[in-house]
Amino acid sequence: MLQCAELARTQRHSEYYFPDGNIVLLVVESRTLYRMTRSYLSLDSDYWQTLLSLNPENPDEGTTDAQPVLIHAFKGQEFDWFLDYQLRHRVPKDGRRLEALMAILKVAHFFQNEGVLEDAQHGLDQHPTFRPSLRYALGLKVMNAGWVSAAFRELVVLPLDQLTALDVADIELMGLGGYHTLIRARLSIESHRKYLAYTPPRAVHSASCPFNLGCSLAWEREWKSGVARRLLHPEEHIPGAFILEELARVEINDMEDECKEHTLAWTERTGLLMKEEDIATTAIRSLTG
């Protein structure tokens, strides 16, 4: 129960304190009281259906302004945006739209309201400034495996200095585990690409190759002058699969065509140029289960 002094510091919401409501909520952060109907709160919400089906320790909880159900999980403005959408299907169209959609997502996830959660996710997907770091962080929060996977793959190929310069708020939202997994995967990929750049796969010769040593030297020369530069490019990440396709198209001077075909087939079978994809996939699975 709120004491008189505490009750005096609260305020009834100007729109969402309904006289015919039968449950009073207090969002602690804003000290704002909401009077809703139990049937409305339970609609499409596993959280409220479960909570309101239980026998509370205090049977008077939620019956008056002095004995409201306390909500600590989000801010008053976030709850307002959620109610604006659920009751009026209204979302800000100005510069706060992204923030409002994030708030609706947060509250819907907390209340286990799948319908509103899906709508918020769709709205965010359509928003032009929904950046990958934010998609990744929110995906972790609301367990959206699709968001986590897509955003992780975009982020993990960025140069390390860009990853460490991400928006601080996004990093905090990711949590230590999410950010650490991303950085660790990036470092593993970078280490592997450096190893590949300086350690070309061996050349594989055809039975009819007239000069094995010449073919091997030509292959190493092409790798170190072309492939290594792409692997070590400081700004542009060129996927290993693309590099393999590019090697198939290029003519390697002083290397027999049949030896080149055998060598490319061997390189593809080793999976060396695809290992970075394996690193990303393993990291994503550790995050999404």
Side-chain angles (χ1 to χ4, degrees), residues 132-133 136 140 145 148-166 170-171 174-207 209 211-289:
S133 56
Y136 174 58
L140 291 172
V148 172
S149 178
F152 189 96
R153 293 181 190 283
E154 284 188 68
L155 293 169
V156 80
V157 298
L158 294 176
L160 195 59
D161 59 343
Q162 289 186 34
L163 279 184
T164 55
L166 291 174
D170 292 359
I171 293 175
M174 290 175 196
L176 181 60
Y179 187 59
H180 180 260
T181 299
L182 178 62
I183 294 297
R184 184 174 57 190
R186 182 67 188 95
L187 289 172
S188 294
I189 288 173
E190 187 171 300
S191 176
H192 177 66
R193 289 172 76 89
K194 286 180 179 178
Y195 168 79
L196 273 185
Y198 298 111
T199 314
R202 65 180 178 86
V204 180
H205 307 284
S206 68
C209 179
F211 187 32
N212 287 6
L213 178 60
C215 278
S216 294
L217 291 174
W219 169 251
E220 288 189 17
R221 186 167 56 247
E222 177 62 34
W223 187 274
K224 291 179 179 178
S225 64
V227 174
R229 285 208 309 268
R230 289 164 174 76
L231 289 170
L232 299 176
H233 198 288
E235 297 176 358
E236 185 181 5
H237 182 93
I238 303 172
F242 180 84
I243 292 174
L244 197 61
E245 291 173 4
E246 195 174 58
L247 274 172
R249 291 192 297 268
V250 72
E251 181 179 348
I252 302 178
N253 293 330
D254 300 325
M255 186 175 194
E256 295 291 319
D257 289 342
E258 198 172 350
C259 293
K260 177 188 169 184
E261 290 177 11
H262 285 315
T263 302
L264 288 176
W266 161 254
T267 302
E268 185 174 7
R269 284 197 302 274
T270 64
L272 288 171
L273 282 170
M274 298 301 293
K275 186 177 178 180
E276 60 193 62
E277 172 64 22
D278 294 337
I279 292 170
T281 298
T282 300
I284 291 166
R285 284 176 180 164
S286 75
L287 294 165
T288 59

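Please read all numbers here as calculations on a predicted model, not as lab measurements.
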Asks: Would you say the side-chain atoms of His205 and Thr263 include a donor-acceptor pair closer than 3.5 Å?
Replies: no
Asks: Would you find a donor on one side and an acceptor on the other, under 3.5 Å apart, between the side chain of Thr199 and the backbone of Leu196?
Replies: no
Asks: Taking all atoms of both residues into account, what is the closest heavy-atom pair of Thr267 and Thr270, and its distance?
Replies: O-OG1, 2.6 Å
Asks: For Glu276 versus Gly240, what's the shortest heavy-atom pair and its separation?
Replies: OE2-N, 3.9 Å
Asks: Please find the pair of heavy atoms, one from Pro132 and one from Ala151, that lie closest to each other, and give the distance.
Replies: O-CB, 3.3 Å
Asks: Walk me through it: do Ile189 and Arg186 pass the test side-chain contact (heavy atoms from CB on, under 4.5 Å)?
Replies: CA-CA 5 Å; Ile189 288 173; Arg186 182 67 188 95; 3.7 Å; yes
Asks: Return the minimal non-hydrogen interatomic distance between Ser133 and Asp170, and the atom names on each side.
Replies: OG-OD2, 2.6 Å
Asks: Hey, what do you get for SG (Cys215) to CD (Glu258), rounding to the nearest 0.5 Å?
Replies: 10.0 Å
Asks: Kindly give the heavy-atom pair with the smallest separation between Met174 and Tyr179, and that separation in Å.
Replies: SD-CD1, 3.9 Å
Asks: Apply side-chain contact (heavy atoms from CB on, under 4.5 Å) to residues Leu166 and Tyr136 and explain how you reach the verdict.
Replies: CA-CA 12 Å; Leu166 291 174; Tyr136 174 58; over 6 Å; no
Asks: Decide side-chain contact (heavy atoms from CB on, under 4.5 Å) for Leu272 and His192; before the verdict, give the C-alpha distance in whole Å, the side-chain angles of both, and the deciding distance to 0.1 Å.
Replies: CA-CA 9 Å; Leu272 288 171; His192 177 66; 4.3 Å; yes
Asks: Donor-acceptor pairs under 3.5 Å, side chain of residues 243-257 to any protein atom, not counting sequence neighbours: which ones?
Replies:
residue, atom, partner, partner atom, Å
Glu246, OE1, Arg230, NE, 2.4
Glu246, OE1, Arg230, NH2, 3.3
Asp254, OD2, Arg221, NH2, 3.4

Asks: To the nearest 0.5 Å, tell me how far Ser216 OG sits from Asn212 CG.
Replies: 6.5 Å
Asks: Side-chain polar contacts of residues 280-289 - donor-acceptor pairs under 3.5 angstrom, sequence neighbours left out - could you list them?
Replies:
residue, atom, partner, partner atom, Å
Thr281, OG1, Arg153, NH2, 3.3
Thr281, OG1, Glu277, O, 2.9
Thr281, OG1, Glu277, OE2, 3.3
Thr282, OG1, Asp278, O, 2.9
Ser286, OG, Ala283, O, 2.6
Thr288, OG1, Ile284, O, 2.9

Asks: Give a yes or no on whether the backbone of Pro201 and the side-chain of Trp219 come within a donor-acceptor separation of less than 3.5 Å.
Replies: yes
Asks: Check salt bridge (Lys or Arg N to Asp or Glu O under 4.0 Å) between Glu190 and all other residues, then give those that pass, not counting sequence neighbours.
Replies: Lys194
Asks: Just verifying a value: how many Å separate Lys275 NZ and Ser188 OG, rounded to the nearest 0.5 Å?
Replies: 8.0 Å
Asks: Do Phe211 and Leu217 have side-chain heavy atoms sitting under 4.5 Å apart?
Replies: no
Asks: Could you report the tightest heavy-atom contact between Ala197 and Leu231, atom names first, then the distance?
Replies: N-CD1, 3.7 Å
Asks: Within the structure provided, determine whether His262 and Cys259 are in side-chain contact (heavy-atom separation under 4.5 Å).
Replies: no
Asks: Look up atom CZ in Arg193 and atom CG in Leu232, then write down how far apart they are to the nearest 0.5 Å.
Replies: 8.0 Å
Asks: With side-chain contact (heavy atoms from CB on, under 4.5 Å) as the criterion, how do Ile183 and Leu160 come out once you've worked through the C-alpha distance, each side chain's angles and the decisive distance to 0.1 Å?
Replies: CA-CA 8 Å; Ile183 294 297; Leu160 195 59; 4.3 Å; yes
